[in-house]
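A short write-up of the structure that comes next.
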Amino acid sequence: MALPIVPVKARAKGQTAYRYTYALLDSGSDKTFCSESLIEKLGVKGKPASLSLTTVNSSESADVELVALEVVAVKSGAGRP
């Protein structure tokens with residue numbers, strides 16, 4: 001079963017402008033992630049953190065940045081992305 005990819009717009013706390021991107025909807029996930037390139041485009045600096053990633057086959061740690069973003073669905077036919 002393929003996971004749905006939907007157009008969204010995102011902005012950092014305190015910003016007025018949105019950046020258009022796509023989101024992968026995964027109802028089985030309990031965390032929300034975004035790409036480093038989106039963080040760079042938004043000009044956001046996050047707080048360093050360590051994250052434990054666990055799947056059926058393995059477990060790994062990753063150094064990440066915690067950021068606060070607002071993510072909003074883009075209405076169908078609304079243009080971008």
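Heavy atoms only: backbone and side chains are in, while hydrogens, waters and symmetry mates are out.
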How close do A10 and L38 get, heavy atom to heavy atom, and via which atoms? CB-CD2, 4.3 Å
T21 side, atom OG1; K41 side, atom NZ - distance, nearest 0.5 Å: 7.0 Å
Point-to-point distance, once rounded to the nearest 0.5 Å, from CD of E60 to OG1 of T55: 8.0 Å
Atom of T54, atom of S59 and distance for their closest heavy-atom approach: OG1-OG, 3.4 Å
Any S50 side-chain heavy atom under 4.5 Å of D63 side chain: yes
Only pairs at least two apart or in different chains count here, so list each side-chain hydrogen bond (donor to acceptor under 3.5 Å, both in side chains) that has a residue in residues 23-32. none
So how far is it from L42 CG to R19 CZ, rounded to the nearest 0.5 Å? 6.5 Å
Which heavy atom in Q15 sits nearest to a heavy atom in R11, and how many Å separate them? O-CD, 3.3 Å
Here the pair of heavy atoms bringing A12 nearest to V44 is CB-CG2, 3.3 Å
Are L66 and F33 linked, directly or through other ILVMFWY residues, by side chains that come within less than 4.5 angstrom of each other? no
E70 side-chain N/O to K13 backbone N/O, donor-acceptor pair under 3.5 Å: no
Determine, step by step, whether L53 and S61 satisfy the side chain to side chain contact (heavy atoms under 4.5 Å, CB included) criterion, reporting the C-alpha distance in whole Å, the side-chain angles of both residues, the deciding distance to 0.1 Å, and the verdict. CA-CA 6 Å; L53 304 170; S61 292; over 6 Å; no
Min side-chain heavy-atom separation C34-I39 under 4.5 Å: yes
Atom NZ of K75 and atom NZ of K9: how far apart are they, to the nearest 0.5 Å? 8.5 Å
Should V74 and V72 be regarded as members of a common hydrophobic cluster, given that ILVMFWY residues are connected when their side-chain heavy atoms come within less than 4.5 Å of each other, either directly or indirectly? no
